[in-house]
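Inspection log for the structure reproduced underneath, given as structure tokens.
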Amino acid sequence: MSETTAKPLLDVQGLEVHFGSLVDPVRAVDGVDFQIFPGEIVALVGESGSGKSISALSLAKLIPQPAGRIAGGKIIFQGLEILEQNDSKLRKLRGEKIAYIFQEPATSLNPVFTVGWQIGEAIRLHRKGVKVKAEVQKLLADVELPDPKRMASAYPHELSGGMQQRAMIAMALACDPDLLVADEPTTALDVTVQKQILDLLVELRKTRGLSILLITHNLGIVADVADRVYVMNNGKIVEHGETRSVLTDPQHDYTKKLLAAVPRLRGKSEGSPTNHTNGHEYGTVSADS
């Protein structure tokens, strides 16, 4: 995606998110800027506590209050200034324009409702007149779950972790959003399933024209997925650029440390991880697997 030939779908400028005291707050997000263009996959990478998930939640004003607050900056989505919108407009935006996939699908799915009912809830709220059962089964087929009719009537505990995450993706797609925020979508999944979920996100980008913000702590999994990468540390963006450039020639010490922390299947490599130019060298192996 050329940044010179298209307007950004999302433009975050100087985002500040604080927690705690007004006098001496914890600056969880400290002047963050990033952009996502139509049809683009952008990765926001950093270790736990770096501020990446808080940045993602801010996009739809989902910061928990009163503990946290957006203290400054702008979030412009499709030309709309998000921080200036009232609750009614935000409810329409959430799910319909910006949808989220969270880590640990087992904790995100309600155990007392069937998978189909939970996916259908967003359809009932935002897409009046649509035949809910048929649309739910279509969504389950779109995320490549077998026997969509049976899956729709299943309860979350009857599905494997990978199936649960596919159901969460189907739920996020229920209102045909323009931006999908995937927050650590492969955490707690085994390596094979991680790759399947990432491949599915790439395919959905192609078939639906989605833009995707991928939140992860692992630079390794973005090698074959993301167009561009923003590296975040202590609430700040410390490096950004095209994925191949960042992976093969990182400029910031923190980025180099993240790359050095990626496990490899080929044994101990010679020299710096920046010597590897093939994205597959980084694989999809995560410390969580």
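Treat the numbers as computed from the prediction; the structure is a model and nothing was measured.
Residue Q137 holds its CD atom at 12.0 Å from CE of M151, rounded to the nearest 0.5 Å. Within the model, atoms CD of E203 and CG of L210 stand 11.5 Å from one another, a figure rounded to the nearest 0.5 Å. To the nearest 0.5 Å, atoms CG (L145) and CD1 (I169) are separated by 9.0 Å. Here the straight-line distance linking atom CD1 of I41 with atom NZ of K206 works out to 9.0 Å at 0.5 Å rounding. Atom CD1 of I221 is separated from atom NZ of K195 by 12.5 Å, given to the nearest 0.5 angstrom. Separating the SG atom in C175 from the CZ atom in R94 is a distance of 14.0 Å, to the nearest 0.5 Å.
For Q118, the side-chain contact (heavy atoms from CB on, under 4.5 Å) test picks out L109, N110, F113, P156, M171, with sequence neighbours left out. Every residue meeting the ring pair (Phe, Tyr, Trp, His ring centres under 6.0 Å) condition with F102, not counting sequence neighbours, appears here in chain and number order: Y100.
For the side chain to side chain contact (heavy atoms under 4.5 Å, CB included) test with S58, the passing option among I70, V29, V32, I82 is I70; the others fail.
Within the 4.5 Å cutoff, side-chain heavy atoms of Q165 are placed close to those of P185. Contact check for T255 versus V229: no side-chain heavy atoms found under the 4.5 Å cut-off. At a threshold of 4.5 Å between non-hydrogen side-chain atoms, the residues L83 and K74 do not count as touching. In this structure, the side chains of D33 and I237 stay at 4.5 Å or more apart for every pair of heavy atoms. Side-chain contact between L80 and K89 is absent, with no heavy-atom pair separated by less than 4.5 Å. For the pair L22 and R69, the minimum side-chain heavy-atom distance is below 4.5 Å. The side-chain heavy atoms of H252 and V231, taken from C-beta on, include no pair separated by under 4.5 Å. No side-chain heavy atom of M163 sits under 4.5 Å from any side-chain heavy atom of P105.
If you chain together hydrophobic residues whose side chains sit under 4.5 Å apart, L213 and I76 never meet in one group. Residues L139 and V130 are members of one and the same hydrophobic cluster, defined by side-chain heavy-atom contacts under 4.5 angstrom among Ile, Leu, Val, Met, Phe, Trp and Tyr. Put simply, I63 and V12 are part of the same group of oily side chains (I, L, V, M, F, W, Y) that touch within less than 4.5 Å, one to the next. Under the 4.5 Å side-chain heavy-atom criterion for grouping Ile, Leu, Val, Met, Phe, Trp and Tyr, V202 is connected to L198 within one hydrophobic cluster. Hydrophobic clustering places L204 together with I212 (ILVMFWY residues linked when any side-chain heavy atoms are closer than 4.5 Å, directly or through intermediates).
The two residues V222 and A43 make their nearest non-hydrogen contact at CG1-CB, 3.6 Å. Closest approach of R228 to F37, counting heavy atoms only: NH2-CD1, 3.8 Å. Considering every non-hydrogen atom in both D178 and L9, the closest pair reads O-CD2, 3.8 Å. Scanning all heavy atoms of the two residues, the minimum distance from L44 to S55 falls at CD2-CB, 4.2 Å. Smallest separation of non-hydrogen atoms from Q85 and E81: NE2-O, 2.8 Å. For the pair A226 and T243, the tightest heavy-atom approach, listed with the atom from each and the gap, is O-OG1, 2.7 Å.
Shown here is E242, whose CD atom has no more than 12 heavy atoms of other residues, nucleotides or ligands within 6.0 Å. No more than 12 heavy atoms of other residues, nucleotides or ligands shown are found within 6.0 angstrom of NE2 on H240. Around atom CG of D147, more than 12 heavy atoms belonging to other residues, nucleotides or ligands sit under 6.0 Å away.
A donor-acceptor pair is defined here as one N or O able to donate and one able to accept, closer than 3.5 Å; no such pair exists between the side chain of Q35 and the backbone of P8. Judged purely by atom type and a 3.5 angstrom limit, K7 has no side-chain atom pairing as donor or acceptor with the backbone of P38. Here the side chain of S211 pairs a donor or acceptor atom with the backbone of G39 at under 3.5 angstrom. Under the 3.5 Å distance criterion, the side-chain polar atoms of E239 are left unmatched by any main-chain donor or acceptor of V246. Counting only distance, with no hydrogens or angles, the side chain of R127 and the backbone of E96 share no donor-acceptor pair below 3.5 Å. Between the side chain of Q194 and the backbone N or O of L189, at least one donor-acceptor pair lies under 3.5 Å. The main-chain N or O of D227 is never found under 3.5 Å from a side-chain atom of R244 such that the two would form a donor-acceptor pair. Between the E16 side chain and the G14 main chain, no donor and acceptor come within less than 3.5 Å of each other. Using modelled atom types, no side-chain atom of R124 and backbone atom of V132 make a donor-acceptor pair closer than 3.5 Å. Formation of a donor-acceptor pair under 3.5 Å by the E184 side chain with backbone atoms of H217 is found in this model.
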Practice prompt. Assess whether side chain to side chain contact (heavy atoms under 4.5 Å, CB included) is satisfied between T186 and V193, documenting all intermediate values.
Written response: CA-CA 8 Å; T186 59; V193 178; over 6 Å; no
Practice prompt. Would you check, one step at a time, whether the test side chain to side chain contact (heavy atoms under 4.5 Å, CB included) holds for K97 with L179?
Written response: CA-CA 6 Å; K97 295 293 184 180; L179 175 63; over 6 Å; no
Discussion item. Please evaluate residues D253 and K257 with respect to the criterion salt bridge (Lys or Arg N to Asp or Glu O under 4.0 Å), reporting the C-alpha separation (whole Å), side-chain torsions for both, the decisive distance (0.1 Å), and the verdict.
Written reply: CA-CA 6 Å; D253 286 344; K257 290 176 182 178; over 6 Å; no
Worksheet item: Would V42 and Y230 satisfy side chain to side chain contact (heavy atoms under 4.5 Å, CB included), going step by step from the backbone distance to the final call?
Response: CA-CA 8 Å; V42 170; Y230 289 84; 3.6 Å; yes
Worksheet item: Run the side chain to side chain contact (heavy atoms under 4.5 Å, CB included) check on K52 and V45 step by step: do they pass?
Response: CA-CA 7 Å; K52 57 190 188 298; V45 183; 6.0 Å; no
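Using a 4.0 Å cut-off between charged nitrogen and carboxylate oxygen, D87 and R91 do not count as a salt-bridge pair.
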